[in-house]
Amino acid sequence: MRLKRSLYIGELNKNFIDREVIVSGWVLRRRDHGGVIFIDLRDKTGLLQVVFEEGIDPQIHDLADSIRIEYVISVKGKIRKRPPGMENPKIPTGDIELVASDVEILNTSKTPPFPLDEDISEVSEAIRLKYRYLEMRTLDGLKPFVFRHKVNQTIREFLNSQGFLEIETPYLTKSTPEGARDYLVPSRLYPGKFYALPQSPQLFKQILMVAGVDKYYQIVRCFRDEDLRADRQPEFTQLDMEMSFVEEKDVMQMVEELIAYLFEKTLGITLRTPFPVFSYETALRDYGTDRPDIRFDMKLKDISSIAKETSFKVFRSALDSGGIVKGLKAPSHFSRKELDDLTKFAQELGAKGLAWIKYTKTAASFEEKWSSPIVKFFEKSALEKLEEIFDTSDEKATFFFVADKEDIANLVLSELRKHLAQNLGLISEKTYSFVWIVDFPLFEWDDEEDRWISMHHPFTHPKEEDIEFLETDPAKVKSKAYDLVLNGIEIGGGSIRIHRRELQERIFKLLKITPEEAEEKFGFLLTALEYGAPPHGGIAFGLDRLIMLMLGKKSIREVIAFPKTQRAQCLLTGAPAEVKIEQILELHLLPGWEKKKEKS
RNA sequence: GGGGCUGUAGCUCAGCACGGUUAGAGCGCCUGCCUGUCACGCAGGAGGCCGCGGGUUCAAGUCCCGUCAGCCCCGCCA
């Protein structure tokens, strides 16, 4: 490299006029006027117009003539004030330019597969991922990653100041039976044995509490071999935290301070704390989901008691088979086609249908207020009760009802609620609405496995007052768990953990984990609990999700440098890929590996 | 495992319902001209396995079946 960079483009301003500088970067655009060639040079800090004039040095001018888009060059020259009227107000360096006296072409470039000088969000994601480095090289391409870097630093800054210790935990660890599918890593030294990549550092951080660390955090990669979504990657990053000698409120308060600090420092947004707290039961009752989006109202209402009084068979039969009738009110009327589409939307989520009633507050008579194929099944008193239950302050409204089993009604209506709010423009995009969900049930019944399973994970502490019901009425037992939800997306979840071996063993027993299995899978934890484990609890955040929401992105792939596709491939590297047979043999992955080993 | 959308030039897309000459557009690319442009301009040019395989047909980018890939969703999972 003959011409060594003297500064970044972003550092340049009028004060540099008449000074000689060397800048290095990529050619964004070039405008060849024959006798004069303009090149817009880009580095990660900005854009600068470089001028090659024929009169100054014909040789340099010829070299500039061969320069193409995305060539990597260093240019030496004097900064000059642009001639009057030639300024470009669109860029920060628009009132100056670099008059090239020397240029070094450090590398050529093929023509990029997509233009790097304009908005590339229209380019298909597959191509962007294959050439991720080109996407990142564009003017704003690094923005999400600069932001992410800042988030990480701010989190560390805050937690360090609070006395937290960042400690790394292993990636090659032990498979655990509960939770998601594990990614397995075959052991070369122990034929037939496997490491698992961690779904989270859960057990390690608990053991760190036993070790007296007191406050731990880690920004850590986690791995789960499940199907992907816009907000789910097989490897993702958690902000993992754990604290000793704490109750729920201590963790929640620490988190609120952290989140408030983070939003203030990185987005300049002052959040109102404490965040609202909903019980699991309330969330399900009012929103149909344990991750409610509370940026808008439109609460769900149980109208089973009204439905019971109607002659509408669909409602009656749902109630007779133990279901419920639940509904919501949208502040608008809908066309027949829109109603058909909404019905289809509901059916795709599992509803048998979607009942609706159009409501016009200012109609001439009571009867004319109500319009629907099903309104004939309703007595006047039933309609009056609807008016009462739903606050009918809107001029026009439409009631939607789902009659089904409770969980289906809740699922369908919660999705419908989001869908309608989005379409009706009820959601203000710039709002950040946090809400805590607490008082989760400790267990949920799993029909397939015919046993209770942990709603959170098996190490979650039951509410003290419910411990006595563990064996007699597991459904009644609530947990010391808490989820943090932002704009309808779960961004974090945690709990106070069990810190006594006896209680942990009781839970395992309830989960139909035999003592032998418990010893084999979690023996190290049980042993640790016996050596003076302090009360402790913590939380883990989906950091990718949080950053996605902070940046208003629709997918966590936008905030991950090299993400996987929905089919879990890396389009850049081509992973997963086949490996040499030798590698497979060495890992004892083929049938008959034991024999092969004996022979060798 | 299931449902939906998409796949045509380097990129973004039209053409497909109703099969029929040589498959188009914009941007980009190449060559030439041009000393003040900044999405420079002007003139000329190159560039296509219409995702892949099979079928129907005199004839398929267009119709049918299968398959692959990307995205969104359900299940699963956080």
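Numbers restart at 1 for each chain; the letters A, B, ... are given by sequence-line order, proteins then strands. In this text, all values refer to a predicted model and were calculated from it rather than measured experimentally.
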Quiz prompt | All side-chain contact (heavy atoms from CB on, under 4.5 Å) counterparts of D340(A), not counting sequence neighbours | solution = R336(A)

Quiz item: Do Q233(A) and D544(A) have side-chain heavy atoms sitting under 4.5 Å apart?
Solution: no

Practice problem: Send over the distance from F345(A) CZ to G3(B) C1', rounded to a whole Å. | Solution: 14 Å

Quiz prompt | Where protein sits on nucleotides 26-34 of chain B, one letter per nucleotide: B base, S sugar-phosphate only, - none, heavy atoms under 4.0 Å | solution = --SSSS--B

Exercise. Starting from C1' on G36(B), measure out to CZ on R30(A) and report it in whole angstrom.
Key: 16 Å

Self-check item: Residues which pass side chain to side chain donor-acceptor pair (under 3.5 Å) with E235(A), listed by chain and number, not counting sequence neighbours
Solution: R221(A), K564(A)

Practice problem: Mind calculating the distance between NZ (K110(A)) and P (G47(B)) to the nearest angstrom? | Solution: 18 Å

Self-check item: Qualifying residue, where the test is salt bridge (Lys or Arg N to Asp or Glu O under 4.0 Å) with D40(A) and the options are R29(A), R30(A), K90(A)
Solution: R29(A)

Quiz item: For R29(A) and G41(B), what is the distance between atoms CZ and P respectively, to the nearest whole Å?
Solution: 12 Å

Quiz item: To the nearest Å, how far apart are L134(A) CG and G10(B) P?
Solution: 16 Å

Quiz prompt | Partner set under side-chain contact (heavy atoms from CB on, under 4.5 Å) for E226(A), not counting sequence neighbours | solution = A180(A), R181(A)

Quiz item: Roughly, in whole Å, what's the span from CD in E54(A) to C1' in U37(B)?
Solution: 16 Å

Quiz prompt | P-based separation of U57(B) from G51(B) [nearest Å] | solution = 23 Å

Quiz item: Can you list every ring-ring contact (aromatic ring centres under 6.0 Å, His included) pair that touches residues 50-70 of chain A, not counting sequence neighbours?
Solution: none

Quiz prompt | Partner set under side chain to side chain donor-acceptor pair (under 3.5 Å) for D65(A), not counting sequence neighbours | solution = none

Quiz item: Below 4.0 angstrom from OP1 or OP2 of C40(B), is there any side-chain N or O of R31(A)?
Solution: yes

Quiz prompt | Any-strand Watson-Crick or G-U partner of C27(B), both distances under 3.5 Å | solution = G10(B)

Quiz prompt | Donor-acceptor pair between Q218(A) and T169(A) side chains, under 3.5 angstrom | solution = yes

Exercise. Could you encode protein contacts along nucleotides 70-78 of chain B as a string, one character per nucleotide from 5' to 3', using B for base contact, S for sugar-phosphate-only contact and - for no contact, with a heavy-atom cut-off of under 4.0 Å?
Key: SBBSBBBBB

Practice problem: Round to the nearest Å and state the distance from F52(A) atom CZ to U35(B) atom P. | Solution: 17 Å

Quiz item: Between C63(B) and C50(B), how far is it from one C1' atom to the other, in whole Å?
Solution: 15 Å

Quiz item: With both distances under 3.5 angstrom, what nucleotide forms a Watson-Crick or G-U wobble pair with U67(B)?
Solution: G51(B)

Quiz prompt | Atom C1', compared across U31(B) and G4(B): separation rounded to whole Å | solution = 47 Å

Exercise. Considering only atom C1', compute the distance from G7(B) to C13(B) and round it to an integer number of Å.
Key: 12 Å

Quiz item: What integer number of Å spans the P atoms of G61(B) and U56(B)?
Solution: 16 Å

Quiz item: Counting only non-hydrogen atoms, which of residues 74-95 of chain A are less than 4.0 Å from RNA chain B?
Solution: R80(A), R82(A), P83(A), M86(A), E87(A), N88(A), K90(A)

Quiz item: Taking a pair as Watson-Crick or G-U wobble with both distances under 3.5 Å, which nucleotide is matched to C42(B)?
Solution: G32(B)

Practice problem: For a ring-ring contact (aromatic ring centres under 6.0 Å, His included) with Y280(A), tell me which candidate from Y287(A), Y482(A), F440(A) qualifies. | Solution: F440(A)

Quiz item: Of F38(A) and V123(A), whose nearest nucleotide on RNA chain B comes first from the 5' end?
Solution: V123(A)

Practice problem: Starting from C1' on G36(B), measure out to CD on E53(A) and report it in whole angstrom. | Solution: 9 Å

Self-check item: P atoms of A25(B) and G19(B), separation to the nearest Å
Solution: 25 Å

Please list, one pair per line, the donor and acceptor atoms closer than 3.5 Å that link side chains of residues 136-144 of chain A to other protein atoms, with sequence neighbours excluded.
unit_1	atom_1	unit_2	atom_2	d
R137(A)	NH1	E70(A)	OE1	2.8
T138(A)	OG1	E135(A)	O	2.7
T138(A)	OG1	G141(A)	N	3.3

Quiz item: Given that both distances must come in under 3.5 Å, which nucleotide forms a Watson-Crick or G-U wobble pair with C16(B)?
Solution: none

Self-check item: Those residues that, when tested against F400(A), pass ring-ring contact (aromatic ring centres under 6.0 Å, His included) (two or more places apart)
Solution: F334(A)

Quiz prompt | Nearest-Å distance once atom P is located in both U22(B) and U8(B) | solution = 23 Å

Exercise. Hunt down the Watson-Crick or G-U wobble partner of U57(B), both distances under 3.5 Å, from any strand shown, or write none.
Key: none

Quiz prompt | Set of residues satisfying side-chain contact (heavy atoms from CB on, under 4.5 Å) with respect to D57(A), sequence neighbours excluded | solution = Q59(A), I60(A)

Exercise. For nucleotides C68(B) and A17(B), find the distance between their P atoms and express it as a whole number of Å.
Key: 27 Å

Quiz item: Partners of K337(A) by side-chain contact (heavy atoms from CB on, under 4.5 Å), sequence neighbours excluded?
Solution: S335(A), D341(A)

